[in-house]
Amino acid sequence: MSASLDKTLPKAYDPTAIEDRWAEYWVSEQLFDVSWKDAGAPFTILLPPPNVTGRLHMGHMLNQTEMDILTRWRRMCGHRALWVPGTDHAGIATQMMVERQLAEEKKTRQELGREAFIDRVWQWKQHYGGAILDQMKRLGASVDWSREYFTMDDDLSIAVKEAFVRLHEQGLIYRGAYIVNWCPRCQTAISDLEVVHEEQQGKLWEIRYEVVEDPGTYLTIATTRPETMLGDVAVAVHPDDERYRHLHGKRLRLPLVGREIPVVADAWVSPEFGTGAVKVTPAHDPNDFAIGQRHGLASINVMDETAHMNEAAGAYAGLDRYVARKRIVEELEAQGALVAVKDHVNSVGKCDRCKTVVEPRLSTQWFLKIQPLADKAIAAVEQGYIRFTPEQYRKTYDEWMRNIHDWCISRQLWWGHRIPAWHCRTCGQITVARDTPSVCSHCKSAEITQETDVLDTWFSSGLLPFTVFGWPRNPRDLETFYPTQLLVTGFDILFFWVARMIMFGCWFMSEVPMPDGSERTLKEAVPFREVYIHALVRDADRQKMSKTKGNVIDPIDIVKRYGTDAVRFTLAAMASPGTDIAFSEARTEGYRAFANKIWNAARFIFMNLERAAEAGIVVDPNSLETAPLSDTLEARWIASRLNTTAAEINRALGEYRFHEAANLVYQFFWGDFCDWYLEMVKLRLDFNDGVDQASLRAAIALLLHTFEAALRLLSPFMPFLTEELWHAFYDGKPPLKSIALTRYPQAVQVDTAVEGQMAQLQELIVNIRAARKDLGVEEKAAVPIRIRTDEQMQQFFTDATQMIERLARVSSVEFSVDALAGSGLRSTTHFDVQVIYEKQIDPAAERERLTKELARMEKEQANAERQLANESFLSKAPAQVVDGLRKRAAELVLLLEKTRRALDDLGGR
RNA sequence: GGGCGGUUAGCUCAGUUGGUUAGAGCGCCUGCCUUACAAGCAGGAUGUCGGGGGUUCGAGUCCCUCACUGCCCA
């Protein structure tokens, strides 16, 4: 791969011209593939597998940007960085997608049959399934593509089967008839997590049931779902509720149906709700089911799997549940059984996938007894083996884990991991096995058929941290890469995925011995050591992006317009832990400008390299280590700034403070490097005859050295631009295949003295510039200045005269021992400076400025004096704080005096 | 109903354990095509830190309370 650059770059940076090329290069060169044999401390991270049905959205891009920054950074810090990509088969979503496609052909999956349908899904997957990962390649994610997986791959399917069988052997998987959340549209059971609750304006119907023993007397119940009364088997009241004590044990006649049902006393009933009496329908409500269990009641299911009334509903059979409700209410009213209808806000559960109202339904399902797994998962976090950032999620996790319910893992779908259980037609027993059995393990009958249910998709994704490394068969990768170091994900799948991985990881990996054969502790069984949870990407108005609102920002679209690096940088700079990101194009525009700035800094450097070559000075970028480096003020300063910045970025990234890291590198590159260092270095780049070639060479060497290091510093954030410039820097003959394989800058040496000096020089220059503006000096005119300062500072400024002259457009510098007076004067604690310029512009404006300044300082002084007069402050505050304030107060006295005098000189107040 | 956040410049947000003058980007105003960059350079304006109370020598930061607002769980 040759960087298409000669030393003359186009004037403006055009990301589209280079990004595709590098994206392909990184993949084809397999730069980020990692083997267990490689060296370095492992940094392993798993991509949260996107759905095969998905398209890349801003959330993915944020997630991937953060992971890529961390992975590139760790890799450059010498870690063996492995980022594993893959895709999730997404049971319901994918099946829905293909069914929709079939519907367009006027076909159903039932017509096709299970096998043909699954073939069809695979075809669909081959066609459309790779979308997000392809987009990821284009965005330059530094993942190991050789390890790409799909959750329905053979080896992963074997692992899923193994996990199921083991849990079954351990007695943790059971099958039984319980109330589950049933989606009448998807026609499958779904887990608690897949139900979203919504507040809704509904009604509370009060219906009277006649007491059988005392005809003519009634008990009035309250219900939000009158249609289920057809399946009532009892009415429950609170045992202590005096109103109904006389009815305990009595029987009631169910209206419309005529069935006699008992009154039971159950403490679950809330006397305050409705009338304090509730109907009990065990087949259609989880609480009623529990009551039914406690009181030994039967269950009458009055609906089918599509939420239409069934034969048990008698005259109402065949009606949709809501039609039946209307009909039943009407008839109750006609019979005079309807006592009241009240408005009532209730919470309705809907299917997360299709938003159909979920029907609690009694059905036979497979469950995972979760408590033993949850116990380990709680311990792992409690003992600090897994750390959450931001920390508050630890509490959320804990709360959920401690109130966990058994997990319904079966789904009535065709697309997914089919449960490895076989039903025997002869003895009715179930055989659970790793390999397809030929006979029933109980009665040896050959009359067996496999369970038709598949497993919840999250069951298989929960196993990924170890199954992607070859569990249970191939120990080598597992030994090397497990546990992974980090998980980066959104809070929306904290329970779905993160919690399940922790439970499964702690459970299954505890059984896998350590590489040295010793027993694995919980600390080593966890799937990852850290979890970083990022926020939501919203639109610029802080609105959640949604298709219905039409405010979805397509990352690819933005990338096309501003370049991948600018979009990545935007996300990173806004990714403050725990805060949602209001994605703003204005920011992206700003960071595109940043990329352009760097591009032009490179142009400047390359141009000067050529000028140098023409002047006979050749500096080889490949032998900078041995080149003598400049020792001038700006050289020592920029070297120190680079080191300081590197140290701060390393710290920030270690704490997932992406916004800090991004701002630091931005500030360094634009502020320190371009605004100051490059401007100062221009002084040295004098190619006329008679200049000191050695110092010129040294200046260029340091310039190149610093620029190259700055590119490395920026590389994890802007991989494309830095890759391009880095290759150009080495004129297409780089020492390594990619900047991504170089080392990240570390803080070797920080020179606080030179940073302090430079700060003074900068303050002087800025003050001169400001004074010039006040006086209305034309931009181009060079003017004389006068400085009053102490001896040491005078020496320093004298040495820096050239810089002052160039950066502040000064014609001459004069030092004064006497106090300065007149216009164009600026005072700081360390020096006073005056711009000598005849043309007095606006004394009124100057007076206003000084008056404001004076007021500010007076206020601050009053504050300081008050504190310093305070005995308790002096005795209780730490010495350095008191000293600091004393020093500041002294400074203020001086500054105030200077400012007052300046005001007087202007003609008083 | 239970829990967790948020409220700081016109906008979007930083502000680690309380400590001297509350910051950034964008936007805004003024002047500059100063030979790397007008996607630029230089200078400038802008805050009762949501209200109230408390703790403290000292509060944007800790506690209480109210208001508004977002999210999670049931």
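Letters go in sequence order (proteins before strands), and every chain restarts at 1.
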Ring geometry between Phe606(A) and Phe729(A) (parallel below 30°, tilted from 30 to 60°, perpendicular above 60°): tilted
For rC4(B), does either OP1 or OP2 sit under 4.0 Å from a side-chain N or O belonging to Lys395(A)? yes
Using ring centroids (six-membered ring only for Trp), state whether Tyr397(A) and Tyr393(A) fall under 6.0 Å. no
For Tyr562(A) and rC26(B), what is the distance between atoms OH and C1' respectively, to the nearest whole Å? 12 Å
Can you tell me the base-pairing partner of rA67(B)? Count Watson-Crick or G-U wobble geometry only, both distances below 3.5 Å, and say none if there is no partner. rU7(B)
Separation of atom CD1 in Ile765(A) from atom P in rC41(B), rounded to whole Å: 16 Å
Nearest to the Tyr666(A) side chain among rC37(B), rC26(B), rA39(B), which nucleotide is it? rC26(B)
Would you say the base of rA39(B) and the side-chain of Lys597(A) have a donor-acceptor pair closer than 3.5 Å? no
Separation between the P atoms of rU16(B) and rG52(B), rounded to whole Å: 23 Å
Looking only at the side chain of Ala593(A) (C-beta and beyond, no hydrogens), which of the listed nucleotides rC41(B), rU34(B), rG40(B) gets closest? rG40(B)
In whole angstrom, give me the gap between the C1' atoms of rA36(B) and rG44(B). 26 Å
Is the shortest side-chain N/O distance from Trp670(A) to OP1 or OP2 of rA36(B) below 4.0 Å? no
Pairing partner of rC28(B) (Watson-Crick or G-U wobble, both distances under 3.5 Å): rG44(B)
Would you indicate what Arg772(A) reaches in the nucleic acid, counting non-hydrogen atoms under 4.0 angstrom: base, sugar-phosphate, or nothing? nothing
For rG19(B), give its Watson-Crick or G-U wobble partner with both distances under 3.5 Å, or none. rC57(B)
In whole angstroms, how far is the P atom of rC72(B) from the CD1 atom of Ile404(A)? 19 Å
Gap in Å between the two P atoms, one belonging to rG15(B) and one to rA24(B), rounded: 15 Å
In whole Å, what separates the C1' atom of rA45(B) from that of rC29(B)? 7 Å
Assign each of Gln392(A) and Cys674(A) the nucleotide of RNA chain B bearing its closest heavy atom; nearer the 5' end lies the nucleotide of Gln392(A)
Given rG43(B), rU34(B), rA36(B), which nucleotide is nearest the side-chain atoms of Lys773(A)? rG43(B)
Using a 4.0 Å heavy-atom cut-off, does Asn608(A) contact any base of the nucleic acid, only the sugar-phosphate backbone, or nothing at all? nothing
Could you please name the option among rU12(B), rG31(B), rG40(B) that lies closest to any side-chain atom of Met574(A)? rU12(B)
Would you mind classifying the nucleic acid contact of Glu679(A) as base, sugar-phosphate or nothing, using non-hydrogen atoms under 4.0 angstrom? base
Of Val766(A) and Tyr13(A), whose nearest nucleotide on RNA chain B comes first from the 5' end? Tyr13(A)
From OH of Tyr591(A) over to P of rC37(B), roughly how many Å is that when rounded to an integer? 24 Å
Integer angstrom distance from the C1' of rA59(B) to that of rG19(B): 10 Å
C1' gap between rG51(B) and rU8(B), integer Å: 15 Å
Please classify the nucleic acid contact of Ala770(A) as base, sugar-phosphate, or nothing, using heavy-atom distances under 4.0 Å. sugar-phosphate
May I ask you to establish whether Lys682(A) and Tyr677(A) are in a cation-pi arrangement, using a distance under 6.0 Å from NZ or CZ to the six-membered ring centre and at most 45° from the ring axis? no
Paired with rC49(B) by Watson-Crick or G-U wobble geometry, both distances under 3.5 Å: which nucleotide is it? none
If I pick the P atom on rC72(B) and the same atom on rG10(B), what distance separates them, to the nearest angstrom? 31 Å
P atom, rC62(B) versus rU20(B): distance in rounded Å? 16 Å
Pairing nucleotide - rG1(B), Watson-Crick or G-U, each distance under 3.5 Å: rC73(B)
Using whole Å, report how far CG of Asn663(A) lies from P of rC26(B). 11 Å
So, OP1 or OP2 of rG2(B): does either fall under 4.0 Å of a side-chain N or O from Arg402(A)? no
Nearest atoms (heavy-atom pairs only) where Arg500(A) meets Ser191(A): NH2-OG, 4.2 Å
Hey, does Arg769(A) reach any base, or is it just sugar-phosphate, or nothing, if we go heavy atoms under 4.0 Å? sugar-phosphate
For rA38(B), does either OP1 or OP2 sit under 4.0 Å from a side-chain N or O belonging to Lys11(A)? yes
Which nucleotide, rA74(B), rU16(B), rC32(B), lies nearest any side-chain atom of His197(A)? rA74(B)
Under 4.0 Å between a side-chain N or O of Lys682(A) and OP1 or OP2 of rU35(B)? no
Please give, in whole Å, the distance from rG3(B) C1' to Leu494(A) CG? 14 Å
Please give, in whole Å, the distance from rG40(B) C1' to Phe594(A) CZ? 15 Å
Between Glu779(A) (CD) and rG43(B) (P), how many Å, whole number? 10 Å
Got Phe669(A) and Leu664(A) here, is their nearest side-chain heavy-atom distance under 4.5 Å? no
Compare all side-chain heavy atoms of Trp599(A) with those of Lys11(A) and state whether any distance is below 4.5 angstrom. no
So, do Tyr591(A) and Tyr666(A) have ring centers that fall under 6.0 Å from each other? yes
Salt bridge present between Arg684(A) and Glu634(A) (N-O < 4.0 angstrom): yes
